[in-house]
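Comments concern the structure below.
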Amino acid sequence: TCGPGATNLVEPGPVAGATSFGIRAQTGTNAAGISITAVDVAGTYGIGAISEGTGSTSIVSTGNVVGFAGDAVRIENKSTATDALVSVHNAEGALFGIQVDNEGTGTTTVRASGTVTGQTFTGIAVKTGTSAQDVVVDAVDVTGSSGVTVTNFGLGSASISATGIVTGEAGNGAGIATVGGTGSTDIRVSAVSVQGGADGITTNNDGGGETFIATTGLVSGGEDGIFASNGVGASDLTVRASAVQRGREGCGVEQFGGG
């Protein structure tokens, strides 16, 4: 749509695209938000949304979303947009499972109550621009070349919670990896079982807040089990781990901040 209104798509039954997206929405600069609600969706890409408008973008699915040649779920918010929300049950993509790029001014939220898989790349990948706010990822089981990656160049915090098993299968992959840019605040990671080809959990906080990592199960990595780094502008750095297994370092920290 190129008009001034919102775009709302509701699909209560199965949706399949044989040679393209199962569901796709794109808005122009005069449009408002995008809302997509569905159950089971399949296509070369599952569900995709690109917003060049002024509102929020949300994708909600209560069933299975499959991208058999591309991503299962993909959101691109341009700089004039606001919030980005993905709420799904199961998502499996030949490339990424869930990929969200929010260059807008709002929050970014990814919730997955089932299994998320990226067959070639990351299971859940989130990137925010310099005007974005908080990032929240709540998941259960996630698998990909890396499991969950968050690159937060925005103005808020990044919070990742995983209650199942998160696996980064590539030799250079991480189970959970988070980067906070200079304008960001806190990094918080809460997980049970995390495995990475290179690192189990890695955080790099160049922002102005604290870093907090807590795990209740086994965290393992081919190089580091857990590695956390705070830059000079950051504050406290806390790691509470139940069990860590590694190829090089079990738990490594670098604290250059004021905490």
Side-chain angles (χ1 to χ4, degrees), residues 1-28 30-78 81-102 104 106-126 135-144 147-148 161-167:
T1 180
C2 297
T7 301
N8 299 298
L9 300 175
V10 179
E11 299 288 352
V15 178
T19 60
S20 187
F21 284 83
I23 298 174
R24 184 179 75 89
Q26 182 170 357
T27 59
N30 294 323
I34 297 172
S35 174
I36 298 172
T37 304
V39 183
D40 296 322
V41 181
T44 54
Y45 284 76
I47 304 175
I50 300 174
S51 175
E52 297 181 9
T54 58
S56 62
T57 305
S58 70
I59 294 175
V60 176
S61 166
T62 56
N64 301 312
V65 182
V66 177
F68 54 78
D71 303 344
V73 178
R74 176 81 178 268
I75 287 180
E76 294 181 48
N77 266 5
K78 303 303 183 180
T82 59
D83 302 338
L85 167 67
V86 174
S87 178
V88 299
H89 182 51
N90 296 322
E92 181 173 358
L95 300 179
F96 291 85
I98 298 170
Q99 185 175 190
V100 179
D101 187 350
N102 188 2
T107 61
T108 304
T109 304
V110 176
R111 298 190 181 101
S113 58
T115 299
V116 178
T117 303
Q119 294 177 353
T120 305
F121 300 120
T122 303
I124 298 174
V126 176
V135 178
V136 175
V137 177
D138 288 328
V140 183
D141 298 321
V142 185
T143 301
V148 179
S161 174
T163 57
I165 300 172
V166 179
T167 305

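Please read all numbers here as calculations on a predicted model, not as lab measurements. Here, residue 1 is the first one in the sequence, and each next residue gets the next number. Atoms considered below: every heavy atom in the structure, side chains included; atoms not considered: hydrogens, waters and symmetry mates.
The nearest pair of heavy atoms linking Val65 to Ser61 is CG2-OG, 3.3 Å. Gly63 and His89 make their closest contact through O-CB, 3.3 Å (heavy atoms, listed as atom of the first residue, atom of the second, distance). The minimum heavy-atom distance between Arg24 and Leu9, with the atom names listed, is O-CD1, 4.3 Å. Here the closest non-hydrogen pair linking Thr107 and Asp83 is N-OD1, 2.8 Å. Among all heavy-atom pairs drawn from Leu85 and Arg111, the shortest one is CD1-NH1, 3.9 Å. When all heavy atoms of Thr27 and Ala32 are compared, the pair lying nearest together is OG1-O, 4.3 Å.
Atom OG of Ser87 is separated from atom CD1 of Ile59 by 11.0 Å, given to the nearest 0.5 angstrom. Distance OG/Ser113 to CG/Asn90: 7.0 Å, rounded to 0.5 Å. To the nearest 0.5 Å, atom CD of residue Gln99 and atom CD of residue Glu76 are 7.5 Å apart. If you take CD1 on Ile36 and OG on Ser58, they are separated by 7.5 Å, rounding to the nearest 0.5 Å. Asn102 contributes atom CG, which lies 8.0 Å from atom OG1 of Thr82 (distance to the nearest 0.5 angstrom). Atoms CD1 and NZ, on Ile50 and Lys78 in that order, are 6.5 Å from each other to the nearest 0.5 Å.
Tested against Ile47 for a side chain to side chain contact (heavy atoms under 4.5 Å, CB included), the candidates Val41, Ile75, Ile98, Val86 yield a single pass: Val41.
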Pairs of donor and acceptor atoms involving the side chains of residues 114-126, under 3.5 Å and at least two apart or interchain, shall be tabulated with distances.
unit_1	atom_1	unit_2	atom_2	d
Gln119	NE2	Glu92	OE2	2.7
Thr120	OG1	Ala94	O	2.6

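Counting only distance, with no hydrogens or angles, the side chain of Asp71 and the backbone of Tyr45 share no donor-acceptor pair below 3.5 Å.
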